[in-house]
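Structure, as structure tokens:
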Amino acid sequence: MSVLTACVAGNSYGIWDSVALPQAFIAKQFEVLAEDFNIRATKTGMLTDTATIETVVAAYQKYDLGPLVVDPVIITKHGNLLLEEQAYQTLRTKLLPLATVLTPNFYEAQKLAQMELKDAKAVKKAARKLQALGAKNIMIKGRHEADQDRVSDYVLLADGQDFWLEHDYYETTHFNGTGDTLSAAIVAQIALGQDIKTAITKAQAYTYRALTQEIAVGHKFGPINHWV
Ligand SMILES: Nc1ncnc2c1ncn2[C@@H]1O[C@H](COP(=O)(O)OP(=O)(O)O)[C@@H](O)[C@H]1O
Ligand SMILES: Cc1ncc(COP(=O)(O)OP(=O)(O)O)c(N)n1
């Protein structure tokens with residue numbers, strides 16, 4: 001089930017327009033779903049602006065929506081800004097503290113931790129900074145550019161345990177949805193009752209399979225393969 005916060009006009013070339021939905025309508029969606037269903041886990045995606053983040057935070061404070069995975073969507077890999085510049089401080093101070101799992105990509109982690117991720121030591125430090133903001137478990141997704149052989153995602157768990165999930169860099173133009181898929185798969189695993197470490201590990205493996213077992217959809221940047 002979804003609570004829609006925004007609609008985008010997009011295709012495989014990119015996102016061409018977007019519109020935030022009215023706050024009262026977003027709040028109503030939370031209300032009617034929370035009344036009807038026993039919700040085991042939830043995730044956030046594109047949140048557009050400060051008002052939307054505040055509406056979502058208010059819903060999390062009002063209803064029991066289970067463990068929360070926050071995918072802090074700020075800018076897409078094609079350069080579309082999906083969160084207003086003024087809103088990211090609200091994301092940092094109001095939504096992050098509610099996160100059971102926070103899944104920033106390399107660039108989002110730099111922005112949220114307010115530091116450059118120049119090496120593995122810096123990645124670890126940034127994860128600790130994000131934990132200090134209140135998010136319990138952190139997964140900082142590694143940089144993946146054509147100059148790399150390997151991609152390394154870093155995980156820092158609530159109890160201080162940490163580990164790297166490493167895999168080969170995969171060259172493709174069918175990569176739309178990797179981050180969205182990863183956070184959705186983590187929340188699905190949590191809802192199934194898995195512990196956080198298992199949920200993250202299984203979700204990352206699923207996302208990698210979906211990336212590497214390609215389907216040919218779209219003319220430019222296609223989606224990954226959810227049928228794997
Ligand atoms: N080209 C790639 N090769 C290998 N792994 C990738 C590639 N692109 C994304 N991933 C993996 O997909 C997952 C989602 O990460 P990412 O694409 O960085 O998120 P986002 O979509 O939020 O930017 C991570 O586990 C990341 O390491
Ligand atoms: C509506 C919408 N569009 C795009 C994204 C995420 O885009 P991006 O950060 O490029 O990551 P992928 O998940 O496509 O790998 C979003 N969350 N919502």
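When a ligand or atom number is given, it counts from 1 through the structure's own listing order.
Between Thr201 and Phe163 there is a side-chain heavy-atom pair separated by less than 4.5 Å. The shortest distance between side-chain heavy atoms of Leu96 and Leu91 falls below 4.5 Å. Proximity of Asp71 to Asp180: side-chain heavy atoms (C-beta onward) are separated by under 4.5 Å at one or more points. The shortest distance between side-chain heavy atoms of Thr44 and Tyr60 falls below 4.5 Å. Taking 4.5 Å as the limit, some side-chain heavy atom of Leu117 sits within range of a side-chain heavy atom of Ile140. In this structure the side chain of Glu166 never reaches within 4.5 angstrom of the side chain of Val151, judged on heavy atoms. Looking at heavy atoms from C-beta onward, Pro67 lies out of side-chain contact with Lys136 at the 4.5 angstrom threshold. Counting heavy atoms from C-beta on, the side chains of Val217 and Ser12 never come closer than 4.5 Å.
With a 6.0 Å radius and a threshold of 12 heavy atoms from other residues, nucleotides or ligands, Arg143 has its CZ atom above the threshold. Few gaps surround CG on Asp159; more than 12 heavy atoms of other groups in view lie less than 6.0 Å from it. Around the NZ atom of Lys77, the shell of radius 6.0 Å holds more than 12 heavy atoms that belong to other residues, nucleotides or ligands. The local environment of NZ in Lys129 is crowded, with over 12 non-hydrogen atoms from other residues, nucleotides or ligands closer than 6.0 Å.
Using a 4.0 Å cut-off to heavy atoms of Val8, the atoms of ligand 2 that qualify are 1 (C). Proximity to Val73 (heavy-atom distance under 4.0 Å) selects the following atoms of ligand 2: 17 (N). Close approach of ligand 2 to Ile75 (heavy-atom distance below 4.0 Å) involves ligand atoms 9 (O). Atoms of ligand 1 lying under 4.0 Å from at least one heavy atom of Lys77, given by number and element, are 21 (O). Near Thr178, with a cut-off below 4.0 Å to any heavy atom, the atoms of ligand 2 are 12 (P), 13 (O), 15 (O). Set against the non-hydrogen atoms of Gly179, the atoms of ligand 1 under 4.0 Å away are 14 (C), 19 (O), 20 (P), 21 (O), 22 (O). Of all atoms in ligand 2, numbered sequentially from 1 with element shown, those under 4.0 Å from a heavy atom of Gly179 are 12 (P), 13 (O), 15 (O). Heavy-atom proximity to Gln204, at under 4.0 Å, picks out these atoms of ligand 1: 25 (O).
Inspection of the Thr178 and Lys141 side chains reveals no N or O donor paired with an N or O acceptor under 3.5 Å.
Residues Ala126 and Ala113 approach most closely at CB-CB, 3.8 Å, considering heavy atoms. Across all their heavy atoms, Ala59 and Leu65 have their closest contact at O-CD1, 4.1 Å.
Asp180 OD1, 2.8 Å is the protein heavy atom nearest to atom 17 (N) of ligand 2. Protein heavy atom in closest approach to atom 22 (O) of ligand 1: Lys141 NZ, 2.8 Å. Scanning the protein for heavy atoms near atom 18 (O) of ligand 1, the closest one is His144 NE2, 2.8 Å. Protein heavy atom nearest atom 5 (N) of ligand 1, with residue, atom name and distance: His167 NE2, 3.1 Å. Of the protein's non-hydrogen atoms, the one nearest atom 15 (O) of ligand 2 is Lys77 NZ, 2.3 Å. Distance from atom 12 (O) of ligand 1 to its nearest protein heavy atom, with residue and atom name: Thr178 CB, 3.8 Å. Scanning all protein heavy atoms for the shortest distance to atom 3 (N) of ligand 1 gives Tyr170 N, 2.9 Å. Protein heavy atom nearest atom 27 (O) of ligand 1, with residue, atom name and distance: Asp153 OD1, 2.9 Å.
Using cut-offs of 30° and 60° on the angle between ring planes, the pair Phe221 and Phe175 is parallel.
For a threshold of 3.5 Å applied to N or O pairs, the pair formed by Thr76 and ligand 2 contains no separation below that value.
Within the 4.0 Å heavy-atom shell around ligand 1 one finds Asp168. Ligand 2 lies nowhere less than 4.0 angstrom from a heavy atom belonging to Thr181. The closest approach between a heavy atom of Tyr169 and any atom of ligand 1 is below 4.0 Å. Residue contact check for ligand 2: Gly177 places a non-hydrogen atom closer than 4.0 Å to it.
With a 4.0 Å heavy-atom cut-off, ligand 1 is reached by no atom of Glu171. Under 4.0 angstrom from ligand 1, the non-hydrogen atoms of Asn105 all belong to its side chain. Contact annotation: for Tyr208 versus ligand 1, heavy atoms closer than 4.0 Å belong to the side chain alone. Here Leu82 has side-chain heavy atoms under 4.0 Å from ligand 2, and that is the only part of it that gets that close. The proximity of Ile15 to ligand 2, defined as any non-hydrogen pair under 4.0 Å, is limited to the side chain.
The heavy atom nearest to atom 6 (C) of ligand 1, out of those in Leu211, Leu182, Thr207, is found in Leu211.
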